[in-house]
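Just so it is clear, the values below take in all heavy atoms, side chains as well, and ignore hydrogens, waters and symmetry mates. One-based numbering, in listed order, for ligands and for the atoms of each.
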Amino acid sequence: MPRLTRRDVLRSGLILSGSTLLPHAGWAQARALMQNAIDDQALPAVAPREKLLFDYGWRFMFGNAEDPSKDLNFGMGHNNFSKTGEFEFATAKFDDSKWREQRLPHDWAVELPFVWDDELQSHGYKPLGRKYPATSVGWYRRTFEVPASDQGKRISIQFDGAFRDALIFVNGCFIGRHDNGYTPFSFDLSDFLRYGEKNYIVVRMDATYNDGWFYEGAGIYRHVWMIKQDKLHLGQWESYVRTRMEGGAAVLDLGTVVNNHGAKSENASVRWTIRDRAGKTVATAQAAAQPVAVNGSATYTATARIAHPELWDLDSPTLYTATVTVETDGTARDAEEVSFGVRTVHFDADKGFFLNGKHVWIQGTCNHQDHAGVGSALPDRLQYYRMAVLKAMGSNAVRTSHNMPTPEWVEACDRMGMLMLCETRTMSATPEAIEALKIMIKRYRNSPGIFLWSMGNEEWELERWPMGVPIMDDMQRVSNELDPTRLCTAAVNGSYYSGISKVLEVEGFNYNLNSPDKYHQTHPKQPSIGTETASAISTRGVYRTDPLRNELSAYDTNQPGWGETAETWWQFYHARPWLSGGFAWTGLDYRGEPTPYGWPSISSQFGISDTCGFPKDTYYYYQSVWSNEPMLHVFPHWNFEGQEGQPISIWAYSNQDEVELLVNGKSLGVKKVPALSHVEWSVPYEPGFIEARARKNGKVVLTQRRATTGKPASIRLTADRTTINADGEDLAMVRVEALDAQGRAVPTAMDMIDFKVTGNGALIGVGNGDPNCHESDKGSKRSLFNGLAQVILQANKTPGQLVIEASTRGNSLKPATLTITTQQAPLRPEVA
Ligand code: GAL
């Protein structure tokens with residue numbers, strides 16, 4: 001099937017209808033970048049290589065970490081490692097018909113109930129771990145076919161990431177183990193397959209041990225692929241494209257490795273074809289033939305030039321592709337496409353960070369990888385949605401705290417114009433940690449968005465002790481060898497003088513605003529960056545902190561002892577360009593780490609947006625100081641029934657000169673917006689409306705009203721896109737609200753809404769951003785939390801319509817229906 005591009009879609013008149021998911025400045029541009037990124041599907045495999053999606057057709061059942069009788073008798077009888085091939089559960093003899101059907105990516109932790117056990121607090125109170133053997137092990141099984149014509153090829157299975165400790169069995173044989181929850185892994189299955197017959201694969205995932213101190217999910221939560229190649233093939237993630245500028249031209253330093261798993265020595269050459277976005281060849285290069293011995297490998301390098309490159313930048317993330325082909329006697333034996341951008345990055349110890357020679361403040365957020373409704377198993381499209389939420393805030397960078405990210409999060413940065421600080425999970429020089437670091441750098445070093453590598457987060461012992469120095473030296477050496485174009489940092493919290501900081505190429509500061517000045521004076525040549533800041537806490541739509549309800553007011557006034565408010569950290573960093581800017585903890589809320597309250601809070605309150613990506617008010621502070629688009633945001637809402645006469649604090653964020661506030665039409669005066677801050681009034685509550693007017697050069701340019709609404713009367717459903725691709729993967733992110741009789745959104749509505757989905761797709765998750773809500777993310781109903789809930793709809797592969805109906809019990813609110821068109825789209829090739 002042809003690959004539809006955005007241009008094709010526009011030409012065909014199938015223009016993707018717009019809607020206002022986030023009705024504020026900045027969203028239109030972010031949405032356009034998101035749409036472009038969605039249209040530019042992941043790079044397909046290049047012939048003769050095949051890359052097949054291995055996500056569909058699996059079955060799943062819970063095992064047991066303690067009781068073998070509930071764990072397929074794993075480890076008992078013949079089900080142990082004494083022979084290569086006697087694992088019966090991975091053969092035709094085994095009946096999995098009672099296992100449930102399960103497509104990937106899948107996170108089973110999100111399906112589990114919440115359990116009040118303080119040991120589970122940081123992971124979001126999901127029953128995983130040694131005390132919960134019945135819910136910590138999951139088995140995945142699938143039957144698949146390999147045609148007889150594949151005999152002689154090299155066939156491997158590639159997992160983009162699975163949590164955690166995977167054991168893989170194929171056709172009764174043990175294939176391998178991988179216990180890192182964040183790095184990709186693959187196994188060569190060629191010798192174990194039955195060509196022209198049915199094959200059986202079983203994966204046992206054991207999430208008993210965790211990696212982090214935050215929700216991590218459980219199961220095969222990223223994509224799985226089958227790769228079919230010639231036995232003479234390019235090494236995995238060996239192809240790199242390093243760019244540097246010479247005059248106005250881009251010089252490309254190219255390299256790759258060819259492996260020979262065949263039975264005879266080969267004389268192989270490598271060819272590179274560089275294409276621009278429109279598919280036009282802009283450069284080529286060739287590396288001469290050389291012998292590649294049996295079971296050996298050979299390294300190839302070349303250079304190419306793009307005479308007039310379009311640079312990759314934050315507003316125009318231009319990407320090029322390099323097709324790398326290995327040939328013998330003019331025949332292509334294996335090939336792959338590598339996406340890259342042409343741009344320069346540079347740190348100056350006095351002036352901060354420069355992209356393409358221009359100073360850029362790092363306006364970043366740290367983020368974990370889970371989202372409402374789906375846990376850590378995010379469909380690709382959700383990565384772009386999350387990125388759009390951050391981009392529309394004026395943010396230009398993300399940090400992948402505290403682990404190697406999923407490929408689609410990196411691609412979202414590259415395609416949407418976001419910088420990335422890419423972090424490895426473990427700061428250490430053990431073989432495992434070094435291997436994980438190598439995988440991360442090789443896998444992502446061609447990404448133009450990545451501007452800096454992070455060697456890890458808050459390893460207090462290594463910060464304090466001299467042993468931090470050789471460990472960091474080892475890590476940075478590995479990083480520099482694999483990628484001489486980027487520097488390394490680490491997120492350092494507290495001890496800056498005796499350990500890793502002595503050798504870090506870029507000093508990373510977490511919190512501790514009393515430290516950078518003195519450190520910079522004593523280390524004037526070392527560049528710096530704010531690796532982690534803020535940890536400000538707030539609950540969306542709440543305007544009075546209430547410890548009895550585990551809720552925090554959304555005014556930017558709350559932070560734990562180690563944190564800072566948004567205004568405090570940004571003002572501090574902005575006064576010190578040498579700090580380069582920094583990364584606020586966090587862009588979106590995540591499960592786990594409920595702070596400052598524990599149970600029944602099950603998710604963090606650090607997010608600038610909630611777990612659905614719905615902005616809290618502080619989002620607009622960042623927008624006022626990070627974005628150039630004129631903006632105004634006044635809060636709170638004006639629904640304070642029962643508090644008549646009591647003082648209410650009214651804040652406004654704006655990047656205009658001054659703001660006037662009116663209450664029920666009466667002006668309370670005009671206030672100048674202080675630099676990097678907000679304006680504020682205290683007003684006795686009286687129902688009616690408040691109105692803010694932002695002025696530039698004395699002229700009103702923006703107004704915003706908050707009116708006292710009536711009670712909820714009807715439901716409104718709005719999708720971020722009402723035409724999506726019928727590719728089995730695309731999503732419509734549906735915002736659910738209650739409106740009063742006059743059609744105004746009720747910001748305090750808490751109604752329970754039932755959903756019914758029919759047509760060509762399914763509901764895959766629900767959420768509402770409430771850190772204290774214990775309703776199921778996998779149910780077909782959700783209560784509104786302060787006026788909002790979210791439903792994630794996924795298209796199937798048949799074009800048509802996807803209809804969602806929303807109602808309340810007894811039709812207390814007028815129901816709503818929304819129809820999403822699912823349009824024909826290219827399907828990714830799959831394993832049969
Ligand atoms: C930091 C840590 C983060 C998170 C945060 C909460 O010290 O790096 O992972 O725990 O605190 O404030």
Side-chain angles (χ1 to χ4, degrees), residues 118-125 181-182 210-217 362 364-370 376 397-405 421-428 452-464 468 489-496 499-501 504 507-516 529-539 550 552 556-566 568-570 572-573 582-598 601-611 616 618 771:
D118 286 343
E119 272 183 36
L120 300 175
Q121 171 165 337
S122 68
H123 280 73
Y125 295 107
Y182 297 99
N210 44 51
D211 250 287
W213 53 97
F214 40 86
Y215 177 89
E216 302 186 278
I362 298 300
T365 62
C366 305
N367 289 287
H368 285 312
Q369 57 179 7
D370 62 303
S376 55
V398 291
R399 169 175 171 227
T400 70
S401 43
H402 303 294
N403 48 264
M404 178 169 174
L421 170 55
C422 191
E423 182 162 290
T424 190
R425 179 71 278 287
T426 310
M427 189 191 297
S428 181
L452 186 65
W453 300 112
S454 168
M455 302 293 106
N457 178 67
E458 296 187 352
E459 286 295 341
W460 292 297
E461 302 308 306
L462 306 193
E463 288 176 15
R464 256 196 304 261
T489 189
V492 188
N493 184 347
S495 306
Y496 299 97
I500 56 175
S501 298
L504 272 181
E507 178 63 34
F509 290 99
N510 278 18
Y511 309 99
N512 296 295
L513 296 189
N514 52 355
S515 298
I529 190 164
T531 34
E532 196 175 310
T533 63
S535 275
I537 34 184
S538 61
T539 316
N550 284 13
L552 294 146
D556 181 24
T557 51
N558 307 305
Q559 80 279 353
W562 61 92
E564 307 107 17
T565 63
T568 305
W569 88 262
W570 187 248
F572 180 89
Y573 272 74
F583 293 87
W585 188 267
T586 49
L588 288 91
D589 271 331
Y590 53 96
R591 293 168 175 77
E593 286 206 306
T595 312
Y597 311 114
S601 299
I602 41 84
S603 67
S604 82
Q605 309 228 34
F606 295 117
I608 301 166
S609 311
D610 68 19
T611 49
K616 302 178 187 175
T618 309

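The aromatic rings of His402 and Phe214 sit tilted, their planes meeting at an angle between 30° and 60°.
Residues of the protein with a heavy atom under 4.0 Å from ligand 1 are Trp213, His402, Asn457, Glu458, Tyr511, Glu532, Ser535, Trp562, Trp585, Glu593, Phe606, listed by chain and number.
Here the straight-line distance linking atom CG of Asp211 with atom CG of Asn403 works out to 8.0 Å at 0.5 Å rounding.
A donor and an acceptor atom, one from each side chain of Asp589 and Ser603, are nowhere located under 3.5 Å apart. A donor-acceptor contact under 3.5 angstrom links the side chains of Ser501 and Glu507, judged on distance only.
Partner of Asn510 under the side-chain contact (heavy atoms from CB on, under 4.5 Å) criterion, out of Thr533, Val492, Thr531: Thr531 alone.
Ring to ring, Phe583 and Trp569 are not that close: their centroids are 6.0 angstrom or more apart.
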